[in-house]
Each structure stands twice: as structure tokens, then as C-alpha cells.
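Order of listing sets the numbers, starting from 1, for every ligand and every atom in it. All values derive from a computational prediction rather than experimental measurement.
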Amino acid sequence: MLPFIDLAAQRARIQDRLDAAIARVVADGKYIFGPEVTELESQLKAFGQTEHALTCANGTDAIALPLMAWKLRPGDAVFAPSFTFASTAEVVAWLGATVVFVDIDPDTYCMDPASLERAIEWAKTEPGLTPRAVIAVDLFGQPADYPAISAITRAHGLKLIADSAQGFGCTLNGQHPAHWADIATISFYPAKPLGCYGDGGAVVTNDGELAVLFSSLRNHGQGEERYAYDRIGMNSRLDTIQAAILLEKLAIFPDEIKARNTAADAYAAGFGDVVKAPVVIEGGVSTWAQYTIEVDDRDAFRARLAEKGVPTAVYYPVPMHVQEPYKRYPLAPGDLPVTERAMARVVSLPMDAYLAGDRQDQVIAAVRASL
Ligand SMILES: *Cc1c(COP(=O)(O)O)cnc(C)c1O
């Protein structure tokens, strides 16, 4: 079987630097909030074109912490797509708030601004519900429709989180999601485009007040003095060793984003005539966390590819609003027909920055032969 994500190719490229970086942290002994964490935060803010960048333990906490900073509570409504990874909805439930599921655009799989607008209008008239925030997801690595979504959140006075767990590094008209959102969140889970060797997360934001709150909340609510607490927080820190690994990976990340786009173009050229290639929003650059196509008979297609040694994955077979613990949450008026059509048809193909060449040619040939 070919690899679905070839992490080994990336490791081989920077193995010496990774080994040295890890050894340095182990020898230095500053395992928590060591100098590599500060350096990574400074590089992330330069890369993400924001005034502040803060790391945390994972991409899930990265979404939860701003909601905590804004004091989300029961009765508050947060609007999010259902076609996403669990974290996006889970963190809303942690705070006892209500997630209102919104439909997606059929081409980009990102939040549909029209469905969002309908959901907000509905929630405004619903007794006991107060619209507070929107979480847009940069699904599969591409930027959501931020100009439209941020116009809606501003008009209704709502906060906007860009869940860029899969999409850190994506741009729209040359701007990163944090240009429109109050905060953009990142996951360094190993399989994400910018992954570490364990769990990790971060946020980028231009909101100085929010950055101060985030920094306190991720470290037990600590204030200026050690062991003096201004608020109730949690333990959500990025290990120094992961920061050291990420510094080496961030150095090659711009090059890898280019390589992923080259591979995406090669897929489109290789089978775009027989199956619909993914559509990126006009003016957008994707990080291609996933390369996702749609087929009529997914099980048969996947079985034929597997026979030819090509692995596939399905993101996501069961969207959040269909999951048992989340069934009780409301849907945008008009329901989620696009999400429900996509869940039965989507299939993701191997994608990483080291795909081009023989491996990709094999996938393309297998796709053509399996349709
Ligand atoms: C991976 C992911 C997260 C969560 O990141 P973790 O680091 O695994 O906690 C959140 N949102 C989306 C859309 C993701 O894909």
C-alpha cells in the first residue's frame, strides 16, 4: 500500500536538524515554556501576519480558549458547520453553550454564508438563545469565504473564530484568515499540513486584549505574578520539544505549501476530465490538508483503489449533526442538504508535499481505472 501521507519523506529531508533540535531541548532542560516556544510564537506571528501568536496544547484547546475568554455560557449560540472534525462543535458544548449547525458550500465544503445568515436570524428570535460567535472552518486546507462571513458577523455583532486547524498557511487574496477573524486557530496534530510529533496547537490574532486572556487561560489563569490567579483557566501548553520540532518544519513549510499545490494541479490535470476536481474559492490558496473528490459508488471505488495499493480516507462519513451526542442541537433553517449529500460521496486521496512523481502517477492511473 502507498502511504496516505508520507511523513517519512519529510523526516528524511530534515532528519539531522530535527535530531539536533530535540537533543538541544533535552540537554537544556527547559521543557515547559522554553526559548523555542517563544521563538516559535514569534515566527508564527510573522508567518501568519498578525500581531500576536500563542501556542497551546492542541488545536481543540485553541478553539476552546477564546470561547472561555469571551465567557460563553448556557443560552449562548455558536454557529458552526456540521461537516468538520469533532472539536469545532465539542468546545461549544464544553461551555454549555448551544451549537447551531450550518450548511456548507457544495464546491468548497466550507461554511455557506447564506445558511449562516438564516441560522442567525432564526436564533435571534428563539427564546433563551443569544447569538454570540461563529466558527468558520478552513476545511481540507482552504480558506472559508471570510469576506462574506465576516460581513455577517460584523453586522450582527458576533465574534468570529477561523478554525484553521487544517488550513494554517492558506490565504484569500493574499490575506490569512486572521485578517477577517478575531482569532485563527491552528492544530499541529502530526497529520495536519504543519504537524509536530505529538499534540500541539496555537492561535494567531490581532486582538491584544484577547491575546492577554488567552495567555493567562492556557496557564491556569495565572496573572502577572506566579501562583496568583486572575481567573479560572486550564493547563494547555505546547511542550518545548514540540516547538523545537515545529521550528524546523516551519522553515520548509512555505516550500511544502507550493509542493502541495503542484501536486493538486497534477491531480486535476490527471483526472479532472473524468471526475470533478476540488474547487478552491476565487483568490484562495489552499494548504491541501486533504485532496477530496466525489464519486457515486464510494465503497466500490475505494475497494478498487485498495486493490491497486492506493489508500483512501473519508472526511467525514458522519457529520456532527448526525452524531448521537450532537443530535439535540438545532440546524440552520432549510437543514443541511449539501452536508448530507457530501457525506455519502466524498473520498480523499493521498496528499502531501512529497507526492509528485511516481507515487502520484500511480494514484492517478488507479483513479482513472477505478471510476
Ligand atoms: C484536527 C482538527 C481540530 C483539532 O485539532 P487537535 O490538535 O487534534 O485537537 C479542530 N478542528 C478541525 C477542523 C480539525 O481538523
For ligand 1, find out whether one of its N or O atoms is nearer than 3.5 Å to an N or O atom of Asp199. no
Side chain, backbone, both or neither: which part of Val137 comes within less than 4.0 Å of ligand 1 when only heavy atoms are counted?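 It is the side chain that gets close, since no backbone atom is under 4.0 Å.
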Where does Thr60 meet ligand 1, judged by heavy-atom distances below 4.0 Å: at the side chain, the backbone, both, or neither? both
Using a 3.5 Å distance criterion without hydrogens, assess whether the side chain of Ser236 forms a donor-acceptor pair with backbone atoms of Arg218. no
Test item: Gln242 side-chain N/O and Asp199 main-chain N/O as donor-acceptor pair under 3.5 Å: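 No, because the side chain of Gln242 does not come within donor-acceptor range (under 3.5 Å) of the backbone of Asp199.
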Note the single closest protein heavy atom to atom 4 (C) of ligand 1, along with its residue, its atom name and the distance in Å. Ser87 OG, 3.2 Å
of all protein heavy atoms, closest to atom 1 (C) of ligand 1 is Lys192 NZ, 1.5 Å
Check ion pair Arg260-Asp352 (N to O, under 4.0 angstrom):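 Salt bridge absent between Arg260 and Asp352.
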The option among Ile135, Asp138, Asp163 carrying the non-hydrogen atom nearest to atom 11 (N) of ligand 1 is Asp163
Those atoms of ligand 1 less than 4.0 Å from some heavy atom in Gly59: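 Close to Gly59: 4 (C), 5 (O), 6 (P), 7 (O), 9 (O).
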Thr84 neighbourhood, listing ligand 1 atoms whose heavy-atom distance to it stays under 4.0 Å: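 Ligand 1 atoms under the 4.0 Å threshold to Thr84: 13 (C).
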Result of checking Tyr109, Trp288, Tyr291 against Phe140 for ring-ring contact (aromatic ring centres under 6.0 Å, His included): Tyr109
Please confirm whether Phe168 and Phe47 have ring centers closer than 6.0 angstrom. yes
Could you measure the distance from the CD1 atom of Ile252 to the CZ atom of Arg13? Nearest 0.5 Å is fine. 4.0 Å
